Amino acid sequence: MMAPLLLKIDPASVLMETGSPLQERVIAGAPVHRTWNIEDTGDGLYAGIWESTPGEWRVEYTEWEYFHVLSGISVLTEDGGDAVTLGAGDSFVIRPGFKGSWRVEETTRKHYVIRT
């Protein structure tokens, strides 16, 4: 049977993965991440839903990511840049090479599309 060509972003359709930032990257708290990876093309394209509980950690992006915040409040700060508050309804693109910190103030959930 062929895979459908139209996929609904529905967390009930896939297994949830649980994880957390690498311990050496954690700045504060004990954030827990939950991911529902709806799409994985096998060639570096991913899409789904990501959620994190409060905490702060260092980030270093080697991939390109578009995301749309569904709920919660986070603060993303690029090294040497200003802090940007992310909330429900906000959409952003993070380009490869971004380095900084991600702080979740209220459990945050987002849709994402990543290209490695």
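Remember, predicted model here, so these are calculated numbers, not experimental data. Position 1 is the first residue of the sequence; numbering continues from there.
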Euclidean distance, Ser74 OG relative to Glu56 CD, rounded to 0.5 Å: 10.0 Å

Asp79 CG to Thr77 OG1 distance, which is reported to the nearest 0.5 Å: 9.0 Å

Donor-acceptor contact below 3.5 Å, side chain Thr53 vs main chain Val32: yes

Interatomic spacing from CD in Glu39 to OG1 in Thr41 - rounded to 0.5 Å: 6.0 Å

Side chain to side chain, Thr62 and Thr116, heavy atoms closer than 4.5 Å: no

Any side-chain heavy-atom pair of Pro21 and His33 under 4.5 Å: yes

ILVMFWY cluster membership beyond Val104 - transitive side-chain contacts under 4.5 angstrom: Tyr46, Trp50, Trp57, Val59, Tyr61, Phe67, Val69, Leu76, Val84, Leu86, Phe92, Ile94, Phe98, Trp102, Tyr112, Ile114

Which atom of Ser20 lies closest to which atom of Pro31, heavy atoms considered: CB-O, 3.3 Å

Within 6.0 angstrom of Leu22 CG, more than 12 heavy atoms from elsewhere: yes

Residues forming a salt bridge (Lys or Arg N to Asp or Glu O under 4.0 Å) with Asp10, sequence neighbours excluded: none

Partner residues of Asp43 under the salt bridge (Lys or Arg N to Asp or Glu O under 4.0 Å) criterion, sequence neighbours left out: Arg115

Salt-bridge criterion met for Lys110 and Asp90 (N-O under 4.0 Å): no

From CD1 (Ile73) to OG1 (Thr108), nearest 0.5 Å: 7.5 Å

Those residues that, when tested against Tyr66, pass ring-ring contact (aromatic ring centres under 6.0 Å, His included) (two or more places apart): none

Leu15 and Asn37, any side-chain heavy atoms less than 4.5 Å apart: no

Sequence-distant partners of Glu105, salt bridge (Lys or Arg N to Asp or Glu O under 4.0 Å), two or more places apart: Arg103

N/O donor-acceptor pair under 3.5 Å between Arg58 side chain and Val26 backbone: no

Partner set under side chain to side chain donor-acceptor pair (under 3.5 Å) for Glu51, not counting sequence neighbours: Arg34, Arg109

